[in-house]
Amino acid sequence: MERYTILVYTENFIGILNRITIIFTRRGININALTASESRLDGIHKITIEVTVTPEQIEQLVKQIEKIVDVIKAYFFMDDEVVYQEIALYKIPIESLDPSLEKVIRQFNAHIIAAEKEFVVLEFTGHKEDTQALLEILKPFSLLEFSRSGRVAIAKPKFSVQEFLNNQT
Amino acid sequence: MVRGADIVVKSLIAENAAYIFGYPGGAIMPVYDALYDYSDQIKHVLTRHEQGAIHAAQGYARVSGEVGVVLATSGPGATNLITGLADAQIDSTPLVCITGQVAAHLLGSDAFQETDVVGLSMPGTKWNIQVRSVEEIAPAIAKAFHIAKTGRPGPVLVDITKNAQVEFGEFNYVPCQKIRSYRPYQPIKEQLIADAAALIDSAERPYLLFGQGVVLSHAEEELKDFLDKTGIPAACTLLGSGALPESHPNYVGKLGMHGNYAPNLLTNKCDVLIAVGMRFDDRVTGDLKRYAKQAKVIHLELDPAEIDKNVKCTVPVLGDCKKSLKLLTSAVKNNAHPEWMEKFRELEGQEREAVVANDLHGTHGGLHMGEVIHLINKFKEKDAVLVTDVGQHQMIAWRYFDYKTTRTQVTSGGLGTMGFALPAALGAQLHDYSKQVICVVGDGGIQMTIQELGTIMQTKAPVKVVLLNNNYLGMVRQWQQLFFDKRYSFTELENPDFIKIAEAYSFKARKVTEREDLEAAVAEMLVQEGPYFLEVVVEKEDNVFPMIATGCSVEEVRLS
Ligand SMILES: Cc1ncc(C[n+]2csc(CCOP(=O)(O)OP(=O)(O)O)c2C)c(N)n1
Ligand SMILES: [Mg+2]
């Protein structure tokens, strides 16, 4: 099994996300993470899916996704073919703030993005391994809450959805 | 300005839909009200259950190649369509289903007869949409027809809220020609045609398998030309039957679990396997790990998702097989494979002796299903359509019916839906009243949609219903006999008097229990002008052979 990133470009159509996810559900495949947002192109949405499957499975999954009428194009990439990031937020009670925490913050280059009477929120961006490492370190600091995004990714190989649309016969 | 409901009907008329199969209810009543005014332009068939409506539309679509149209109300009306949607989805049948929905302001409130039809039908549709305002209606229906019939066909569903049906709007129908995110046809790569031709020319034992894709692409002539030129033996899948006349010299029989002996066995002996418009269903391949491993595979297929799905192929020829077959025919050399063909004929002889002779020419004991089909062949018209349900009778009818022309095979292949046949036969018959439509059905399956006898009565569709009554859920009983120590757990049926039921629905009906009465009864049925119901009481514990048991390889096809 390998970890892949699937990039899906779709029309902004109600239910499209559902149509995509049932492809995974039906095959009993777990989606590690999923991010959806508008793309650079007007009216076109980009969905980024991270999944751990076999090479045969990824081929099938992407073909099934492309088969959806409102999907414009879908691509898949290995981890080394994409530049990707995930953002993580950590909520820590004020009582836990001590010099050893400062060291951690510096070491990770994390940011304090909110400070309230009872807690602070740290933000840290990186690969899952990095945000996970920080999570493990912060757990003993009575971590109150943790939240991590799905990956956002840009593919290294050159491709253009715009060009694909222009070439439509 | 016209009402949304009128727009629905006018849009269907603009798409040249000849028939609507449907059932009314609260949330679709405005459309029914509108239909009242257009009965001279579009015919509506009131079935007795929404499942009947959708199967009838499937039967209509399968014989005509046109889009079948279904109308149903919200909630239970819509959920009753689900089986048919799943069936049409897996068998690539073009349908447009229109369902009523509660008014838009009630969506999500658990209103009376509200159900999430878009959510429920998503896995069973090629595309679906909810329309909540009048101006969206015509574009949605236009898109629906385009998607249903182009590329690999399939069912689509348009869910229309009640407010949209009663709002007023302009009717200006623009057929959908193109959707930018949707590529129904792939351009054919010339290099792949050349590669495929080279493989075929150098092959010693090439073997062609064809499926329903040939019918859907109208590529029957192209297939025949290819076979004539190359001399390659050809076998068909369940839904491919009819695409090539069985009398064609290259035709060697049927594939799969209850297909013919030679076509299954020799799959593992060919050196080049050419698959045309078929998807290597598990009922065709048996154990994939032991399927055609020795062969180089050429796959002519429209749907990219079918390539390498079950069987890895050497040359994937994506594209419409009507075009690719034509290109391939010009690229290959004239050829013949008499010795290889002889292998098929030898094994065919073994099957004839071991199975067919007894199936078709019983002399004592109960009647065999095969005898009935054999006699149907004797009296049927050349282009008679065979509609079958699911079970032993389906496999026997398929095995022995003499398919002479295309679009004569209507059955539930991928889903195996009992209850399919009776309504599907009605739909097939309505497409052409002058054609013979023969509906072969089991005593189990007929009782799943038996109420559609009423629809046949009301439409006067001259369907010939042949009930092969073994008093068992026969196919399940066969498995219990072979794989579960004859423990016949809940498969025996206490049946009603079918003749009385048929007569209650105004059918001319006849029951045959004796061999000597069968021929006259079949003959009488097939000259009858109107609907006819023939019940044949057959041997209770007959089995269908050859058979490839689940998990076995095509090589392990058994004759008994
Ligand atoms: C809706 C549905 N339920 C259950 C089955 C499983 N099944 C397949 S064949 C069969 C028996 C069919 O019996 P009958 O209609 O009498 O036909 P026979 O096999 O006896 O010819 C059953 C129960 C099915 N295919 N479809
Ligand atoms: Mg039966």
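Proteins get letters first, then strands, A, B, ... in listed order; numbering begins at 1 in each.
Using a 4.5 Å cut-off between heavy atoms, A:F13 touches chain B through its side chain atoms alone. If you measure heavy-atom distances from A:V69 to chain B, the contacts under 4.5 Å come from both the backbone and the side chain. Residue contact with chain B, scored on non-hydrogen atoms closer than 4.5 Å, is absent for A:I23. Interface residue B:T125: backbone and side-chain heavy atoms are both found under 4.5 Å from chain A.
A donor-acceptor pair under 3.5 Å is formed between the side chain of A:K63 and the backbone N or O of B:I307.
Within 6.0 Å of CD on A:E129 lie more than 12 heavy atoms contributed by other residues, nucleotides or ligands. Counted within 6.0 Å of CG on A:D80, heavy atoms from surrounding residues, nucleotides or ligands total more than 12; the atom is thus considered enclosed. Around atom CD of B:E190, no more than 12 heavy atoms belonging to other residues, nucleotides or ligands sit under 6.0 Å away. Heavy atoms of other residues, nucleotides or ligands lying less than 6.0 angstrom from CG of A:D42 number 12 at most. Few gaps surround CD1 on A:I22; more than 12 heavy atoms of other groups in view lie less than 6.0 Å from it. Applying the 6.0 Å contact sphere to CD of A:E38 captures no more than 12 heavy atoms from other residues, nucleotides or ligands. For NZ of B:K296, the number of neighbouring non-hydrogen atoms (other residues, nucleotides, ligands) closer than 6.0 Å is 12 at most. When the shell of 6.0 Å around NZ of B:K289 is examined, it contains 12 or fewer heavy atoms from other residues, nucleotides or ligands.
Between chain A and the residues B:D303, B:D308, B:V118, the most heavy-atom pairs under 4.5 angstrom are made by B:D303. When A:K67, A:Q64, A:R19, A:E56 are compared by the number of non-hydrogen pairs under 4.5 Å with chain B, A:R19 comes out ahead.
To the nearest 0.5 Å, the span separating CG on A:D70 from CD1 on B:I129 amounts to 8.0 Å. Atom-to-atom distance recorded for B:K126:NZ and A:I68:CD1 is 13.0 Å, nearest 0.5 angstrom.
Contact of the A:I14 side chain with the B:Q130 side chain is not registered, since no non-hydrogen atoms from C-beta on lie closer than 4.5 Å.
Between B:R183 and A:E66, no side-chain nitrogen of the basic residue sits less than 4.0 Å from a carboxylate oxygen of the acidic one, so the salt-bridge criterion is not met.
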